[in-house]
Every structure is written in C-alpha cells, then in structure tokens.
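Before any comments, here is the structure.
Order of the sequence lines sets the chain letters (A, B, ...), proteins ahead of strands, with each chain counted from 1. Just so it is clear, the values below take in all heavy atoms, side chains as well, and ignore hydrogens, waters and symmetry mates. From a predicted model like this one, the values you see are computed outputs, not experimental measurements.
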Amino acid sequence: MNKNEVRVRFAPSPTGHLHIGGVRTALFNFLFARHHGGNFILRIEDTDRSRSTEESIEAIIEGMKWLGLEWDEEPYRQTDRLDIYRKKAEALLREGKAYYCYCTPEELDTRRKEALASGKIPKYDRRCKNLKSPLEGKPRAIRFISSDEGQTVVDDLIRGRVIFDNIQLDDLIILRSDGFPTYNFSVVVDDTSMEITHVIRGDDHLNNTPRQIQLYHGLGYEPPRFAHLPMILGSDRTRLSKRHGATSVMAYKEMGYLPEAMLNYLARLGWAYGDQEIFSKEELIEKFSLENIGKSPAVFNPEKLLWLNSNYINQDEPKDLIERVKPFLKIEGIDCIYIDNEWLGRIIISLRERCRTLSELAGSISYYIRDEIQIDEKAKEKFLTKKALPYLEKLLEQLRLLSSFVQSEIEKVFVHLVEREGIKLGDIAQPVRVAVTGKTVSPGIYEVLELLGKEKTIKRIERAISVIRKS
RNA sequence: GUCCCCAUCGUCUAGUCUGGCCUAGGACACCGCUCUUUCAAGGCGGCAACAUGGGUUCAAAUCCCAUUGGGGACGCCA
C-alpha cells in the first residue's frame with residue numbers, strides 16, 4: 001500500500017438506528033477520504049453481544065446507502081475477527097503487559113459507585129494484578145497494565161496538543177470474561193490491521209485516546225493521527241438524543257427530506273467554507289478540510305435543515321423529483337401507475353416552490369388527483385359565500401364553453417367576468433381556489449385550473465355552488 | 001468528585017493560527033416593505049453577538065492568565 005494513502009473508517013456500533021451524530025462523523029470521514037483520494041472503510045463494532053442486533057446493522061447500511069456515503073471494501077465486522085483480538089490479548093499477557101482479573105462486573109460496579117459517592121476517583125485498584133496463581137474455574141477478564149508515570153500526549157488535528165496525566169488512567173479491561181474484546185482494544189487492533197491513517201470521530205472519544213495510545217505502544221504499533229469532532233447538541237445544549245425529536249436519519253427520509261439536504265446541513269454543522277451555504281456532494285469533497293472544522297459543539301437546528309430541503313426540492317430535476325415523491329403519494333393513498341408522468345411533472349413544478357418536504361409536496365399533489373376533495377372549514381366560511389355565488393355561476397357557465405382549457409383562455413374568462421361585474425379579481429379567484437383545492441393557498445389559479453383539467457374543474461365548482469346553496 | 005474539551009447575533013458560522021483592513025460579515029429564524037388573484041418564493045430593509053475580569057501592546061474578537069458558564073469522559077458500552 002502507498003505510504004501516503006489516506007485510509008479512514010466509520011465504526012458504528014449496531015445498537016439502534018443510525019443517528020444524526022453518527023452520520024455527521026461518517027460524512028466527515030467520507031469527505032476526508034474522497035478529498036484525498038483515499039479509502040473509506042465501514043466497520044461494524046458489534047462486540048457488545050447483549051446490545052448488537054442484525055436489524056441495526058441493516059439500518060446502518062440502509063442509511064449510508066440512502067445518503068450516498070459509499071464505502072470501500074466489504075464492511076468489516078468485529079465479531080468475525082474475535083481470534084485476532086484474543087491472540088493479541090494473549091500476547092500482551094505473555095509479555096507481562098496484561099493480567100487476568102477475576103473481579104465480577106457487579107463487584108466493580110459497587111466499588112465504582114462507592115468511590116463516586118465519596119468523591120473519590122473511580123479507578124480500578126489492581127487487586128488482581130499480583131495474584132500468584134490463577135483462580136481455577138472463576139471467570140476472568142484481561143486487563144492491560146497502564147503506566148502511572150508521565151503523560152500521554154494527543155496531537156489532535158482539530159484540538160491541537162492535549163495532555164493527559166497517566167495517573168488518571170487505570171488498567172482497562174481489553175478482553176471480557178466471555179472472550180469478546182472491549183472497545184478500546186478492538187479499535188486499536190483494527191485500526192492498525194486495517195492500516196487506518198486518520199481516526200476522525202466524536203469528541204466524546206477524546207478521553208479514550210490516551211488509553212488507546214498506550215495500547216498502541218503496548219502492542220508495538222504506531223498510532224494513527226487523531227481528529228476529534230465537536231459534538232452535536234440538542235436545543236437545550238445537551239447531547240442530541242431522542243428527547244430532542246427525530247434523531248434517526250431514516251426518520252428524516254420518511255418525513256420527506258432529500259439526502260442532499262441532510263448531507264449539506266450536516267456538513268455545515270461544525271465545518272464552514274467562508275460564507276457558502278449550499279454545497280453539492282462534489283463540492284463538499286473538493287472543499288473539505290479538517291482545518292476548517294470548528295472546535296465548539298453545534299446545536300442541531302431543524303429549521304435550517306428545512307430551508308435547505310426546500311432549496312434542494314426546488315433545484316432537483318423534475319424527472320427525479322417525480323420518482324422521489326411517488327412513495328409519498330402512495331402514503332396518501334394514491335397509486336401512481338395510472339398517472340401520466342408528464343402531467344405529474346407539470347404539477348410538481350407548479351407546486352414545489354411552496355413545499356419544504358416531499359410529504360408536503362405529495363399532500364398538495366393529492367388535490368389534483370383525488371376525485372373528491374376535502375374543503376377546509378374556515379376557507380369555506382370565508383369564501384364560499386352567497387356573495388360569491390352569482391360570480392361562481394357565471395364563471396362556470398363561461399368555463400363550460402371553453403374548448404381549449406388552457407391558462408390563457410381561462411384567464412380571459414376571469415378577466416371578462418371581473419370587468420363585467422366590476423369586482424376585484426380576488427373576489428372570484430379565492431372562491432374558485434377554495435372550490436377546486438379546498439384551501440386558500442395554491443399556485444396561480446389559472447395554472448391550477450389548467451392542470452386540474454376541465455372536467456374536474458367543472459365538477460368541483462358545481463359542488464361548491466351546491467354547498468353554498470345548502471348553507 | 002477527578003480529568004478533558006469548548007466559549008462571536010436566539011441558532012449555524014466568517015473573522016482568531018499570521019493582532020490594525022471589524023463601526024464584527026454571511027445564513028436560518030423573526031419583523032417590516034415590495035411584488036401579487038391567495039400563500040409561498042424572489043427583491044429590498046430591520047432586529048440581533050465578540051461571556052466577565054485582568055494583563056501584553058501604539059493597537060486585542062484575535063495573544064497570555066484567571067473567573068464564570070456550557071459540554072464530554074471516568075463501564076466486562078461504543
């Protein structure tokens with residue numbers, strides 16, 4: 001392998017959905033790799049047997065694919081590599097760099113809580129370190145001997161030089177009693193064997209880094225470069241969690257967000273390129289650099305995501321947007337196989353500038369397609385009035401006579417009516433809008449009528465007239 | 001409790017490394033005005049920030065120290 005080649009990885013644990021924070025980490029790794037023409041590896045850290053699930057692995061892969069964060073090579077799974085960790089742990093044991101620990105998790109937990117409660121440092125007391133002979137038949141974990149002297153320096157690419165006193169670190173467990181490695185150990189072994197050059201991960205791992213550096217040295221490895229990303233916080237400035245609303249990327253997909261918008265938004269959370277706000281994926285790759293990453297945590301702002309989403313909805317190729325909105329139409333109960341794409345495309349173009357998500361768009365499209373529409377109560381009260389009745393009747397009469405049901409002709413009908421009756425355009429346009437869409441908001445009324453077609457237009461105005469008469 | 005990180009408009013941020021061009025720029029949101037058949041979008045304008053206190057310097061958002069505030073870590077989780 002080329003010595004200068006960049007290799008980075010995204011290493012999620014499959015214990016739930018793929019969340020926003022994870023995606024941002026994945027994105028930055030991806031951008032870094034692509035910018036440098038290097039490789040981006042996906043590694044599933046599934047060494048926690050009780051929490052890892054197959055569904056979560058699928059969810060991660062699905063999310064990554066949706067966002068177009070293509071990884072190189074086959075995804076790695078730590079549970080496929082258990083032998084490697086065991087061998088490495090045994091080697092440390094043989095070299096006197098590690099020892100067996102017979103303390104049970106329950107005991108350790110109790111001691112930790114006691115220490116914390118009495119204001120002491122919850123640090124392992126090394127009681128198993130000098131055991132003369134193995135305790136037969138008792139489950140045992142393997143601990144790595146941490147140095148008490150000196151300091152460990154992390155030269156972080158984002159934070160700069162961070163110094164830890166080794167006395168703060170304790171002998172961490174590297175292999176559990178069930179033979180599975182723990183995070184700090186497997187990550188070091190894997191990052192080395194996968195030849196990872198840069199570890200780009202969340203800030204919450206900064207405290208683990210000195211431990212990992214000691215492990216690198218213990219194993220005789222050269223540590224990679226580290227870059228710790230600032231965290232994403234919720235609106236109350238605590239770590240982003242379910243309490244703050246949707247945190248799963250797939251939830252955003254389901255709400256009608258475009259992956260481009262999500263990527264763009266997440267990229268700008270902690271990273272900036274001057275005043276630029278809108279970036280295509282290619283541009284992100286071209287312009288990304290670790291130097292432009294900030295140090296302070298960022299609050300997730302759904303409003304801005306929404307704004308970006310509406311931008312992308314309006315920039316998207318109509319033919320792509322048609323395909324993207326179809327699943328949302330299906331949710332509205334509309335089967336698209338009978339719908340003409342060319343017609344649907346025209347509808348989308350006229351509607352999209354007032355829609356911020358695909359679901360909103362699908363909701364608006366539905367009134368062009370459904371046979372029966374629901375008329376908003378307030379809109380009905382305000383515009384489907386006795387006063388509007390004669391105008392609607394006259395308009396209907398004229399519309400029936402139109403042989404060419406196109407915007408320009410429809411407009412003439414409206415304009416003539418307005419002139420003849422001495423009313424304002426709004427006096428007739430609004431009632432018609434309510435009659436045909438059920439709402440007070442829509443694209444230009446001539447446009448709506450043309451797209452809706454003569455037959456539906458007439459039916460809906462007739463219905464509105466009868467609604468007024470009955471009231 | 002101990003350790004680590006961070007600190008510019010409500011939010012995301014530019015500017016900080018390499019002090020002067022900063023009367024601190026952009027974006028989201030908000031508020032006006034405009035366009036207009038409605039609502040958006042668009043256009044124009046407005047509101048709004050260098051956490052505090054000490055230094056260093058001719059000069060500090062920018063460098064140093066302290067304080068305060070916020071976040072994170074301290075697992076046989078990752």
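There is a side-chain donor-acceptor pair under 3.5 Å between Asp190(A) and Gln78(A). Remark: the His217(A) side chain and the Ser147(A) side chain contain no N/O donor-acceptor pair separated by less than 3.5 Å. A side-chain donor from one of Asp236(A) and His244(A) sits under 3.5 Å from a side-chain acceptor of the other.
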* Structure fact -> Each nucleotide of nucleotides 34-51 of chain B classed B (base within 4.0 Å of a protein heavy atom), S (only sugar-phosphate) or -, in 5' to 3' order, makes ---BBBBS----------
* How does protein contact run along nucleotides 11-16 of chain B, one letter per nucleotide 5' to 3', with B for base contact, S for sugar-phosphate only, - for none, heavy atoms under 4.0 Å? -> SBSS--
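Taking a pair to require two hydrogen-bonding distances under 3.5 Å in either a Watson-Crick or a G-U wobble arrangement, C30(B) pairs with G46(B). Under the Watson-Crick or G-U wobble criterion, with both distances below 3.5 Å, U23(B) is left unpaired in every strand shown. Partner assigned to U37(B) is none, using Watson-Crick or G-U wobble distances below 3.5 angstrom. Pairing of A7(B), defined by two Watson-Crick or G-U wobble distances under 3.5 Å, is identified with U68(B). Base pairing of C74(B) is made with G1(B), judged by Watson-Crick or G-U wobble geometry with both donor-acceptor distances under 3.5 Å. Both distances falling under 3.5 Å, in either a Watson-Crick or a G-U wobble arrangement, occur for no nucleotide opposite U18(B).
When heavy atoms are screened at a 4.0 angstrom cut-off, Ile173(A) is found touching base atoms of the nucleic acid. If you check every strand for non-hydrogen atoms under 4.0 Å, Thr182(A) touches sugar and phosphate atoms only. Base engagement by Thr104(A) is indicated by at least one non-hydrogen atom pair under 4.0 Å involving a base atom. Residue Leu175(A) is out of contact with every strand shown, counting any heavy-atom pair closer than 4.0 Å. Across all strands, His205(A) comes closer than 4.0 Å to base atoms (heavy-atom distances). Contact annotation for Thr238(A): backbone-only contact, meaning every heavy-atom pair under 4.0 Å involves sugar-phosphate atoms and none involves a base. When heavy atoms are screened at a 4.0 angstrom cut-off, Asn208(A) is found touching base atoms of the nucleic acid.
Following rounding to the nearest Å, Tyr312(A) (OH) and C28(B) (C1') show an atom-to-atom distance of 15 Å. At whole-Å resolution of the value, CE in Met231(A) and P in G72(B) are 8 Å apart. Between the CG atom of Asn166(A) and the C1' atom of C4(B) there is a distance of 14 Å, given to the nearest Å. The interatomic distance linking Lys120(A) (NZ) with C3(B) (C1') rounds to 18 Å, in whole Å. In this structure, Ile121(A) places its CD1 atom 17 Å from C1' of G75(B), rounding to the nearest Å. Regarding Arg159(A), its CZ atom lies at a distance of 15 Å from the P atom of G71(B), rounded to whole Å. Atom CZ in Arg111(A) sits about 18 Å away from atom P in C74(B), given to the nearest Å. Following rounding to the nearest Å, Asn184(A) (CG) and A73(B) (C1') show an atom-to-atom distance of 11 Å.
Between C22(B) and A78(B), the two C1' atoms lie 44 Å apart (nearest whole Å). Between the P atoms of C64(B) and C17(B), the separation comes to 9 Å (whole Å). Comparing G1(B) with A51(B), their P atoms are spaced 25 Å from each other, to the whole Å. Here the separation of C9(B) from C5(B), taken at their C1' atoms, is 24 Å to the nearest Å. The separation of A7(B) from U52(B), taken at their P atoms, amounts to 15 Å, rounded to a whole angstrom. Spacing of P atoms, G71(B) relative to G54(B), comes out at 28 Å, to the nearest Å. Comparing the C1' positions of U68(B) and C31(B) gives an interatomic distance of 34 Å, to the nearest angstrom. Comparing the C1' positions of U8(B) and U2(B) gives a spacing of 31 Å, expressed to the nearest Å.
Checking C76(B), A78(B), C3(B) against the side-chain heavy atoms of Gln168(A) singles out C3(B) as nearest. Closest to the side chain of Val162(A), from the set C76(B), C5(B), A78(B), is C5(B). You'll find that the side chain of Asp204(A) is closest to G72(B), out of G72(B), C76(B), A29(B).
Between Phe28(A) and Phe288(A), the distance from one ring center to the other falls under 6.0 angstrom.
A salt bridge is absent between Glu114(A) and Lys120(A): the closest approach of a Lys/Arg side-chain nitrogen to an acidic carboxylate oxygen does not fall below 4.0 angstrom. Using a cutoff of 4.0 Å between basic side-chain nitrogens and carboxylate oxygens, Arg77(A) and Glu45(A) are not scored as salt-bridged. With respect to the salt-bridge test (charged N to carboxylate O, under 4.0 angstrom), the residues Asp109(A) and Lys113(A) qualify. Salt-bridge check for Arg43(A) with Asp191(A): passed, with a basic side-chain N closer than 4.0 Å to an acidic carboxylate O.
A tilted orientation is assigned to the rings of Tyr102(A) and Tyr100(A), their planes being inclined by 30° to 60°. The aromatic rings of Tyr124(A) and Tyr99(A) sit parallel to each other, their planes meeting at less than 30°, with 60° as the upper class boundary.
Without hydrogens or angle criteria, Asn29(A) side chain to Thr25(A) main chain gives a donor-acceptor distance under 3.5 Å.
A close approach under 4.0 Å does occur between a side-chain nitrogen or oxygen of Arg112(A) and OP1 or OP2 of C76(B).
You'll find the side chain of Tyr391(A) stays beyond 4.5 Å of the side chain of Val418(A), heavy atoms only.
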